[in-house]
Number of protein chains: 2
Amino acid sequence: MKERCISKSVLERLPVYLHYLQSLPEGSPETISATAIARALGLGEVQVRKDLGAVSGAGKPRIGYDTAGLIERLKVFLDYDNRVNAVIVGAGKLGNALLAYEGFRDFGLSVLAAFDTDPSKIGQTSGGKPILAVGTFPEFCRENRVAIGIITTPDSVAQSVCDEMIACGIRAVWNFAPTRLKAPEGILVQNENMASSLAVLSGHLKKNRG
Amino acid sequence: MKERCISKSVLERLPVYLHYLQSLPEGSPETISATAIARALGLGEVQVRKDLGAVSGAGKPRIGYDTAGLIERLKVFLDYDNRVNAVIVGAGKLGNALLAYEGFRDFGLSVLAAFDTDPSKIGQTSGGKPILAVGTFPEFCRENRVAIGIITTPDSVAQSVCDEMIACGIRAVWNFAPTRLKAPEGILVQNENMASSLAVLSGHLKKNRG
DNA sequence: CGTATATCGATATATCAATATCGATATACC
DNA sequence: GGTATATCGATATTGATATATCGATATACG
């Protein structure tokens with residue numbers, strides 16, 4: 001089984017598989033079937049097989065997949081052992097929470113610092129990581145090989161922050177501001193829009209009311 | 001133009017349109033075309049027309065849509081004027097940030113309180129909203145018509161928290177724990193998985209490397 | 001007043017993801 | 001050792017979403 005390009009949907013499920021496999025208790029069997037994974041995660045059996053096949057392809061009939069090997073493959077594929085550097089712009093509540101969040105380490109992400117314009121915030125730290133002045137942003141990116149930019153600013157400045165990130169060599173932007181950002185070809189912007197998620201939830205409630 | 005059921009993808013874009021329309025400066029024309037919206041948001045022109053048609057259907061050729069009317073329609077459709085009550089379980093960093101976040105009010109969401117097991121947190125407030133003991137959770141839900149449950153606990157307890165929410169009458173769950181939650185038919189679980197988003201970002205970086 | 005054009009809504013096509021189907025195969029069991 | 005069965009990987013089908021195409025229409029302009 002071989003695929004050159006992994007679709008976004010598959011990519012989003014891979015960490016879910018990995019997390020599940022890692023959560024299995026000690027004494028579990030050394031192999032696991034796609035059927036079992038599908039049942040545990042509430043997914044389609046064929047979908048699981050296809051997803052795993054895209055990164056592994058080492059399943060055996062009647063047996064399933066070698067759990068440890070599968071975990072390793074997924075980790076490698078998701079680059080969890082490589083360090084990728086990221087910075088946050090916007091040190092408000094959410095920015096601070098993300099800056100202090102330890103869990104990113106497990107995903108190979110090193111959040112190095114946050115940037116803000118507010119002088120009262122500059123110089124403080126959150127989870128041992130500094131909040132710096134936005135003026136030092138380009139220099140910082142150059143010196144630290146920053147690959148991912150996280151935007152937690154008010155929406156009024158989000159687009160200009162995004163533009164500056166791109167100018168500083170960042171090619172993947174994670175946007176938590178409630179604006180849809182535009183970026184040139186080749187730059188990925190992942191919009192994490194609370195309002196969109198909420199619309200889905202509230203749409204569900206509305207449907208079951210009427 | 002008439003559609004009975006709005007798809008999830010459309011639902012996710014509606015708040016984006018609304019936000020854009022509301023961000024237009026004072027002196028803007030009273031009408032706006034789907035073409036203009038599409039250009040501004042980087043979306044397909046036909047897609048915008050179809051999405052807007054699903055909730056409005058009042059566009060005129062050569063003119064476009066009445067901006068104020070469109071805003072009103074979107075707000076009504078997204079239920080931004082109705083109050084929907086929500087609670088948070090898990091008063092860690094993220095839980096606290098969400099508890100204190102003022103912006104939910106604009107989306108018609110009232111986050112009433114957070115719940116935790118840690119005695120040192122119970123009794124504190126964040127943004128004027130209390131952190132309560134999980135023991136009081138069922139009673140609180142019954143008394144306050146809570147419709148949405150937000151999970152920001154460690155993943156080990158996420159599923160049981162979800163189950164309890166459902167038992168307390170909650171029919172829409174917003175899950176920030178890094179686990180895929182299972183729920184019976186009729187209950188909507190919106191999984192907000194950091195690891196999944198990150199996988200997409202890191203996949204993009206990897207692709208452009210190799 | 002007639003024609004050109006921007007824009008709409010609707011229909012058709014293409015693209016993409018999810019699901020179902022099927023033959024192949026490695027173990028379990030007789 | 002032979003047969004049954006769980007499971008795999010591949011292919012085909014279905015379904016959903018996005019894009020392209022087209023006629024209709026309301027204004028702009030000559």
Side-chain angles (χ1 to χ4, degrees), chain A residues 1-14 16-17 21 28-67 69-70 73-74 180 185 191 196 199-200 203-204 207, chain B residues 1-14 16-17 21 28-67 69-70 73-74 180 185 191 196 199-200 203-204 207:
Chain A
M1 211 190 241
K2 212 48 180 289
E3 280 196 40
R4 43 206 170 65
C5 195
I6 305 287
S7 87
K8 186 181 158 179
S9 333
V10 177
L11 223 36
E12 285 180 341
R13 281 190 296 268
L14 295 183
V16 178
Y17 298 132
L21 294 174
S28 309
E30 287 185 9
T31 60
I32 189 164
S33 73
T35 318
I37 298 177
R39 234 193 335 260
L41 297 174
L43 295 170
E45 167 182 358
V46 182
Q47 188 173 58
V48 173
R49 211 170 282 137
K50 241 175 123 190
D51 289 350
L52 296 185
V55 298
S56 157
K60 277 190 278 187
R62 181 86 201 209
I63 302 292
Y65 303 84
D66 174 60
T67 313
L70 198 49
R73 292 269 204 156
L74 283 166
R180 201 187 147 86
E185 193 75 11
N191 291 296
S196 292
V200 177
H204 174 79
K207 192 176 64 190
Chain B
M1 210 190 242
K2 214 46 182 291
E3 282 196 39
R4 46 210 166 62
C5 194
I6 305 287
S7 87
K8 186 182 159 179
S9 332
V10 177
L11 223 36
E12 285 179 342
R13 282 191 296 269
L14 295 183
V16 178
Y17 298 133
L21 294 174
S28 309
E30 286 184 10
T31 60
I32 190 165
S33 72
T35 320
I37 298 177
R39 235 193 333 262
L41 297 175
L43 295 170
E45 167 181 359
V46 182
Q47 188 173 59
V48 173
R49 210 169 283 135
K50 240 174 124 190
D51 289 350
L52 296 184
V55 299
S56 157
K60 278 189 280 187
R62 182 87 201 208
I63 302 291
Y65 303 84
D66 173 60
T67 312
L70 198 49
R73 291 269 206 158
L74 283 167
R180 201 187 147 87
E185 192 75 12
N191 290 295
S196 292
V200 177
H204 174 79
K207 192 175 65 190

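Since this is a predicted model, take the numbers as computed values, not measurements.
In terms of heavy atoms, B:Pro29 sits closest to B:Thr67 at O-OG1, 3.9 Å. Minimum interatomic distance between B:Arg49 and B:Tyr65 (heavy atoms only, all atoms of both residues): CG-OH, 3.4 Å. In terms of heavy-atom proximity, A:Val200 sits nearest to B:Glu12 at CG2-CG, 3.6 Å. In terms of heavy atoms, B:Glu45 sits closest to B:Ala38 at CA-CB, 3.6 Å.
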* Structure fact -> 5' to 3', nucleotides 17-30 of chain D under a 4.0 Å protein heavy-atom cut-off (B base, S sugar-phosphate only, - none) gives SSBB----BBBS--

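Within the 4.5 Å cutoff, the side chain of A:Tyr17 has heavy atoms near those of the A:Leu43 side chain.
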